[in-house]
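Worth knowing before you read on, the calculation uses all heavy atoms, side chains too, and leaves out hydrogens, waters and symmetry mates. We name chains A, B, ... by the order of the sequence lines, and we start the count at 1 in each one.
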Amino acid sequence: MAAKTAAGTIEPKKGLRAFISKNTNLVTFVSLAILLGLLTRGRSFEWPSVRNLMIAESVRAFAALGVGMIIITRGIDLSIGYVVCLVASVAASFAQTSDYTAALYAGRDFPLWLPFLAGIITGGLFGLLNGVLVAYGRLPAFIATLGTMSVARGFQLIYTKAAVVGSLKDSYKTISQGSLGPIPNLALYVAAACVVIWVLLRHTKRGTNFYAIGGNAMAARVSGINVERETVAVYTYAGILYGIAGCLLAGRLGLANALTANGMELDAIAAVTVGGVSQTGGVGTMSGMVIGVLTLGIINYGMTYLGVDSYYQLLVKGFIIIAAVYFDMKKYARRS
Amino acid sequence: MAAKTAAGTIEPKKGLRAFISKNTNLVTFVSLAILLGLLTRGRSFEWPSVRNLMIAESVRAFAALGVGMIIITRGIDLSIGYVVCLVASVAASFAQTSDYTAALYAGRDFPLWLPFLAGIITGGLFGLLNGVLVAYGRLPAFIATLGTMSVARGFQLIYTKAAVVGSLKDSYKTISQGSLGPIPNLALYVAAACVVIWVLLRHTKRGTNFYAIGGNAMAARVSGINVERETVAVYTYAGILYGIAGCLLAGRLGLANALTANGMELDAIAAVTVGGVSQTGGVGTMSGMVIGVLTLGIINYGMTYLGVDSYYQLLVKGFIIIAAVYFDMKKYARRS
Amino acid sequence: KPVIGALIRNLDEQFVADYAANLKVLAAKAGVELKLLDSRSDQATQLDQLNTLITQGVKYFVIVPNQTEATEQMAKAIKAVGGGAAFSNIQPSVAALKVGPNFFLASSPESVAGSIQADIIDNYFKKNPAALAPGKTINALFLLGQLGHPAQKYRTEAVKNGLKAKGYKLNVIAEDTANWKPDEAQQKMDAWIAAYNGKFNIVITNNDGMALGAVESLLTAKYTKADAKDGTILKVPVLGVDATQVALKSMAEDKLYATVLQDSVGQSSTAFELALAMATGKYKPGFKAWGLSPETKPGSEAPANDAAVIGQCYLVPFKAVTKENYKSFMTK
Amino acid sequence: MSDAGLEYVLEMVGISKSFPGVHALDKVTLRVKPGMVHALMGENGAGKSTLMKCLFGIYREDEGEIILKGSRSKFHSAKDALEAGVSMIHQELSNVPERSVSENIWLGREPLRRIGILKFLDHRKMHDDTSVLMKSLDMDINSSERMGGLSISKQQACEIAKAVSYDASVVVMDEPSSSLTETETAHLFKIIRNLTAKGVAVIYISHKMSEIFQIADEVSIMRDGKMIGTHPVADIDEDALIKLMVGRDNTHRFPPVESRIGELRLQVKGLCSSNPRSFRNVNFELRRGEILGIGGLVGAQRTELVVSIFGLRQVSAGEILVDGERVLVRSPRDAIAKGIALITEDRRGSGIFPLLSVTINTAVASLGSYLNVARFLEHRKIEAESQKLNEALRTKTPSMATQIQNLSGGNQQKVLVSRWLMTMPDILIMDEPTRGIDVGAKYEIYSIMADLARNGKSIIMVSSEMPELIGMSHRVMVLCAGRHTGTLEKSEATQESIMRLATQFE
Ligand SMILES: Nc1ncnc2c1ncn2[C@@H]1O[C@H](COP(=O)(O)OP(=O)(O)OP(=O)(O)O)[C@@H](O)[C@H]1O
Ligand SMILES: Nc1ncnc2c1ncn2[C@@H]1O[C@H](COP(=O)(O)OP(=O)(O)OP(=O)(O)O)[C@@H](O)[C@H]1O
Ligand SMILES: [Mg+2]
Ligand SMILES: [Mg+2]
């Protein structure tokens with residue numbers, strides 16, 4: 001240890017209190033879960049409820065993992081909702097049943113991998129565009145992605161002519177809707193994505209580069225990091241995650257339309273922020289992001305489950321987001 | 001900005017080129033205006049067109065001035081749209097004709113100042129809340145205002161029970177819809193607000209403090225600036241501007257409902273960014289904000305005038321925002 | 001060449017998009033220059049667009065307004081340049097029609113969609129009385145559109161009132177907005193199935209998108225029965241509005257129970273023919289548009305409830321889309 | 001200004017302050033007399049800045065009291081401190097880059113003009129006052145210039161001017177000279193003497209020994225958060241002072257550099273900056289085992305030169321050869337690939353990653369060498385290696401996982417040195433490497449330089465500290481206003497000869 005334990009240092013706090021103050025996100029989530037459990041007399045802990053929560057949040061989880069990484073590099077992405085919407089529409093258009101006369105490619109039957117390929121490429125391309133604008137165009141991420149959001153929306157409407165892209169093949173829907181034993185497929189995909197993101201952030205050079213860029217882009221450049229390339233990479237990865245999200249969402253709904261996933265960017269950003277990913281860059285973990293998604297998920301799910309009046313849901317949600325982030329921030333307060 | 005002369009000494013560039021590179025925003029606006037003028041064979045320069053543009057952008061201008069100041073202090077505000085919506089609903093509820101049976105306060109006739117007072121107080125209180133959360137709660141502005149956005153929306157729905165607040169008194173509507181000679185009242189209000197904001201930013205201590213906080217909050221703090229108080233001030237001022245925007249919007253539409261002003265935050269933020277207010281804080285002028293609003297205005301207006309297909313409008317708008325900010329950024333590129 | 005302005009509420013909505021598409025077809029056929037603008041659900045934008053078109057000299061309009069309450073103001077602005085307009089989808093106010101004889105209702109009031117849903121539900125329970133809860137009680141789940149949206153408000157009110165008028169006891173088990181979105185509807189439905197399993201006997205939604213989201217959720221939760229004798233393989237019927245092609249497909253598969261057609265072709269044709277007649281000076285009171293004559297007797301719902309403007313009201317019928325007739329609405 | 005009759009203008013008694021994991025101050029007492037320069041010395045992380053931040057209201061002390069001009073004072077913010085007559089130059093530059101010089105100087109106390117009941121800024125007075133202030137301090141800085149456009153040293157000069165302009169009775173200077181050259185430091189001392197002549201007390205923090213003996217009247221020494229003692233400067237010599245600071249004998253200022261100068265490693269030929277104001281036509285070469293010092297006045301474009309060699313800025317002409325082979329360096333990546341490393345001058349701006357751990361801060365530039373076959377990071381090796389390097393430099397940190405922002409300035413600098421040592425560069429460029437580093441650690445850094453040279457590595461050291469240039473370099477290359485005015489062999493390099501070349505303006 002380089003630490004001079006002599007006069008200057010104190011032993012780090014141990015035990016429960018230290019754990020709580022280090023894991024506010026987890027504590028928030030667990031408290032909300034217990035609260036909901038009490039309010040529903042334990043029914044929210046039953047498997048069908050847990051399963052629903054997992055299914056409901058899985059698509060958002062992909063978006064959150066993507067934007068979470070972007071925020072770690074000190075960026076932001078407002079285009080998520082419409083990119084996911086466009087991807088879902090593209091994917092759906094290649095997965096419509098061939099006997100559906102109103103299909104975009106009526107009478108054509110495409111192989112099952114095509115919707116995924118098309119969707120992921122679409123998402124990836126939008127991510128790439130965002131990344132290039134931010135990295136090489138030097139646009140603030142907020143404004144670059146606001147622009148691409150508008151572009152994605154335009155493409156979606158032009159592609160679908162505002163019509164619903166529906167009647168998807170059962171084989172396609174099963175990919176999203178199926179289960180492996182009691183565990184929904186979607187949850188498995190999320191788990192796989194989490195492992196990949198965890199390895200990326202924790203165990204690869206690129207992941208460390210993301211933190212470095214978010215922490216101090218100039219210093220990252222001086223340290224030999226290709227800041228532009230890594231920035232393009234993070235937006236592209238995120239785009240690919242949105243692509244997967246869009247494909248799975250289309251399969252889950254059995255359709256896609258212009259309203260699909262609208263506003264998902266705010267949900268995803270709120271979720272990762274609640275999960276402790278800091279908007280000042282350089283801070284955040286995969287587990288935090290997932291906890292954030294689950295926290296917002298349990299708020300939504302709980303309020304729906306309890307039948308809270310929809311007008312009041314908005315109030316409650318607003319206050320809980322504020323409170324959750326407030327407690328999370330407290331742990332940094334002393335340092336500034 | 002510096003050219004090399006024979007002896008190796010430097011003189012700042014003079015004349016048109018220097019002007020252009022210093023005033024990219026203005027150049028963008030003027031180019032778009034000329035382009036539109038050519039496309040419409042000069043008709044867009046006629047007074048009725050100019051008047052339409054002024055009316056169309058006036059409410060947004062208030063929102064932009066507010067969020068522009070916030071961005072100068074390195075904040076952001078996502079609550080604008082729903083706060084303006086709530087304000088418009090509150091103001092409208094006090095300006096309904098007394099014989100309208102479906103009015104919120106049916107049969108009651110309130111004095112004409114009450115809607116304004118109520119609206120501006122509502123806006124100001126939300127601004128105050130945002131400011132307190134950011135300054136004392138140390139929440140990232142993005143997430144704090146995302147929370148209050150949800151809260152404002154909840155209040156609006158609870159207050160109006162999701163009904164349209166319509167049938168406003170003519171005396172109230174005239175305040176927004178009237179003209180002074182050929183000049184619409186709304187434009188006069190915007191002009192007055194611009195003067196106030198200009199004085200505030202250029203000629204008062206508080207304005208300087210906003211720039212300092214955005215430029216380097218630590219430096220501001222050690223120079224004896226009460227960063228928290230000033231932060232609360234800027235959000236509150238913005239809230240008051242949103243309040244005015246909401247009151248005028250209700251008068252202009254003759255109604256308010258849950259959809260009024262939705263999404264205005266993105267328009268306003270895009271406008272001031274196009275106008276050269278930097279998201280990295282500490283940079284921006286009143287005139288820039290107004291030019292930004294007019295630039296986006298002329299894009300919208302021009303596309304409407306030319307009858308561009310609505311789906312393609314989204315594409316065009318996205319690309320123009322990106323391009324405008326890209327050119328504006330170039331002038332900073334050398335510094336970094 | 002006559003010019004007609006079309007101010008359209010929101011082209012993201014399929015009904016409105018279909019309406020606009022038909023307008024374009026009609027305009028091309030009639031040799032009319034159509035200036036079609038989309039206000040993206042923002043009334044302020046729609047006012048700006050109206051001003052712009054008036055500035056360009058356009059006098060006659062087909063309008064899908066954002067709000068009833070805004071129609072009078074728009075009518076007045078059009079009246080000021082001596083023009084006229086036909087309003088579709090969202091009804092104009094009585095005051096708007098009173099602005100002048102050149103202002104028309106060419107619509108199927110939103111509330112009719114709700115009433116038709118009530119009729120369909122009534123039919124269903126008549127055929128399957130066993131599905132009712134004791135005491136002629138309907139235990140309903142409601143998925144609503146974006147709160148404050150006129151279609152959300154009127155459709156919901158009308159179906160509730162319609163059921164009560166038919167003597168049912170309506171018990172709202174849960175009611176929440178899904179903002180017209182299938183994905184939100186699916187999530188709400190997932191939670192409700194867990195929370196109210198077996199406690200509801202119908203799912204009523206404000207549009208097909210949400211209805212399909214609910215259907216998908218019920219299917220995933222295996223909330224199904226072996227047969228489709230009552231018209232659906234789901235344990236409870238799900239109702240939508242719009243009759244989109246996907247919804248019809250779902251009905252063909254015995255999933256969605258029924259929907260309501262808001263006739264985009266009928267409404268747009270009626271409105272267009274009125275505007276065209278005005279623009280070409282062929283309009284006279286009593287004019288027949290799309291084969292429809294104006295109403296003569298005041299009905300129950302504004303604005304067609306006011307004798308002074310009844311001659312300006314063209315009511316395009318809504319249609320119940322059920323097992324019996326859905327095939328006729330499918331594109332070939 | 002002088003409060004006659006009081007022996008001490010400022011007394012800080014029994015101040016304690018702890019941060020998570022660290023007791024930064026432990027019952028520290030400091031008494032400062034009016035009209036005197038009171039030096040505060042101590043190793044990196046001893047708690048000097050923390051003590052001053054408690055005085056200035058930036059930190060709230062856990063216990064203890066502050067007595068200013070005889071009365072107990074509690075400062076809740078910088079504003080309170082400034083109003084009570086304490087001003088401070090902060091260790092880290094703290095200005096608003098996008099605003100003008102005069103706006104920065106009067107920030108928080110702008111002159112106002114009353115119109116009716118409203119108060120507006122008096123732009124003219126602000127401008128005039130700045131000019132007067134600059135003139136009185138003999139500084140050549142245009143008041144309407146954008147602060148961020150000035151060189152670091154001019155920015156520092158503005159900070160000095162600002163601190164002086166408060167007419168405070170206690171002026172705290174936390175390493176004010178760390179980005180100044182000797183001439184500018186001399187100028188600073190003139191300013192300080194003027195202040196003390198008016199009865200102002202100056203608390204002066206520095207790691208430069210010679211300065212203490214030039215300017216200070218009294219010196220207090222801190223170690224590990226404790227006050228060791230206060231002595232009149234006249235009663236103490238350098239060695240004794242160092243001993244008090246580091247708690248052990250340290251007789252040598254510089255380690256012997258015993259290296260064998262080998263073949264050519266780096267050649268720079270006719271290098272010109274793409275910025276016309278910067279360096280032009282610079283030629284030099286660097287051999288294996290050699291330490292090349294680069295001297296000059298501030299603004300001599302030394303930083304620009306090394307930064308350009310490292311690929312951070314464009315050059316318009318000239319070429320760079322590494323091991324006789326022409327290389328194209330367009331970005332730091334290219335430079336690192338060619339075995340070049342650069343420790344930049346601006347620690348906060350382009351050095352540290354404040355929120356990341358000491359380990360990552362150390363390893364970030366060499367992650368590529370710590371990948372296993374699957375291209376995953378070898379955390380264990382990375383941790384071991386960064387810890388080893390930091391231990392060698394005696395970096396003081398609660399743990400390797402601590403965020404680097406919680407380290408004292410000097411310790412942050414040590415981490416940066418470790419970062420570049422970890423890349424095992426052939427050519428190590430160090431721009432002001434010992435800025436803000438305490439004497440003990442300086443010696444450690446010098447030793448490492450000597451070691452590297454002995455192992456055949458080459459080093460370029462840009463420094464504004466003459467003793468260091470002379471003590472460590474084999475040759476000293478001198479720049480003046482972007483021109484290479486001469487290179488001195490070790491035997492020729494003296495303060496005077498360097499100064500002569502550094503002031504050889506055209
Ligand atoms: N905000 C903070 N949070 C946690 N620890 C801190 C903080 N600020 C300082 N410290 C710790 O307090 C101790 C004293 O730091 P300080 O900055 O006062 O040292 P210093 O004497 O000024 O050193 P230097 O000469 O390097 O500037 C160090 O161990 C440092 O790590
Ligand atoms: N306008 C500017 N934009 C960006 N960086 C700048 C600017 N002006 C100066 N710098 C940087 O500030 C640092 C110090 O500036 P200064 O003019 O003192 O450089 P220098 O003359 O190269 O340095 P030295 O004092 O080491 O000889 C350098 O890294 C320089 O590149
Ligand atoms: Mg210090
Ligand atoms: Mg330098």
> Are B/N25 and B/T28 close enough, and set up right, to give a side-chain hydrogen bond (donor to acceptor under 3.5 Å, both in side chains), and what steps lead you there?
CA-CA 5 Å; B/N25 324 313; B/T28 307; 5.9 Å; no
> Just give me the residue among B/A152, B/S310, B/A141, B/G137 that pairs up with chain A most often, heavy atom to heavy atom, under 4.5 Å.
B/G137
> As an exercise: rank A/L315, A/I321, A/V274 by heavy-atom pairs under 4.5 Å with chain B and give me the winner.
A/L315
> In terms of heavy-atom proximity below 4.5 Å to chain B, should A/L314 be classed as side chain, backbone, both, or neither?
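It is both, since atoms from each part get that close.
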> Minimum heavy-atom separation for B/V308 to B/Q313, with atom names?
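Closest approach of B/V308 to B/Q313: O-NE2, 3.2 Å.
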> Between A/Y242 and A/V67, is any pair of side-chain heavy atoms under 4.5 Å apart?
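Of all side-chain heavy-atom pairs linking A/V67 with A/Y242, at least one is under 4.5 Å.
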> Please evaluate residues B/T24 and B/D328 with respect to the criterion side-chain hydrogen bond (donor to acceptor under 3.5 Å, both in side chains), reporting the C-alpha separation (whole Å), side-chain torsions for both, the decisive distance (0.1 Å), and the verdict.
CA-CA 6 Å; B/T24 31; B/D328 189 43; 2.9 Å; yes
> Need one label for B/I158: side chain, backbone, both or neither, based on atoms under 4.5 Å from any heavy atom in chain A.
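Both backbone and side chain.
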> Under 4.5 Å from any heavy atom of chain A, what part of B/R74 do you find: side chain, backbone, both or neither?
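For B/R74, side-chain heavy atoms alone lie under 4.5 Å from chain A.
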> Do you know which of A/Q156, A/K317, A/R153 has the most heavy-atom pairs under 4.5 Å to chain B?
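Most heavy-atom pairs under 4.5 Å with chain B: A/R153.
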> Do B/Y235 and B/L133 have side-chain heavy atoms sitting under 4.5 Å apart?
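No - every pair of side-chain heavy atoms lies 4.5 Å or more apart.
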> Heavy-atom distance under 4.5 Å to chain B: side chain of A/A162, backbone, both or neither?
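Both parts, backbone and side chain.
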> Is B/M149 in contact with chain A via its backbone, its side chain, both, or neither, using a 4.5 Å heavy-atom distance?
side chain
> Measuring heavy-atom distances to chain B, does A/I76 have an atom under 4.5 Å in its side chain, in its backbone, in both, or in neither?
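Contact with chain B: side chain only.
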> Which heavy-atom pair separates A/G124 from A/T236 by the least distance, and what is that distance?
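Where A/G124 meets A/T236 most closely, the heavy atoms are O-CG2, 3.9 Å.
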> Relative to chain B, which segment of A/A144 carries a heavy atom at a distance below 4.5 Å: side chain, backbone, both, or neither?
backbone
> Select, from B/F142, B/Y326, B/Y312, the one with the greatest count of heavy-atom pairs under 4.5 Å involving chain A.
B/F142
> At a 4.5 Å cut-off on heavy atoms, which part of A/I322 comes close to chain B: side chain, backbone, both, or neither?
both
> Report yes if the distance between the aromatic ring centroids of A/Y305 and A/Y301 is under 6.0 Å, otherwise no.
yes
> Count the heavy-atom pairs under 4.5 Å between each of B/T273, B/D309, B/T148, B/L78 and chain A, then report the option with the highest count.
B/T273
> Less than 4.5 Å apart, any side-chain heavy atom of B/T160 and any of B/N257?
no
> For a side-chain contact (heavy atoms from CB on, under 4.5 Å) with B/T295, tell me which candidate from B/L32, B/L26, B/I320 qualifies.
B/L32
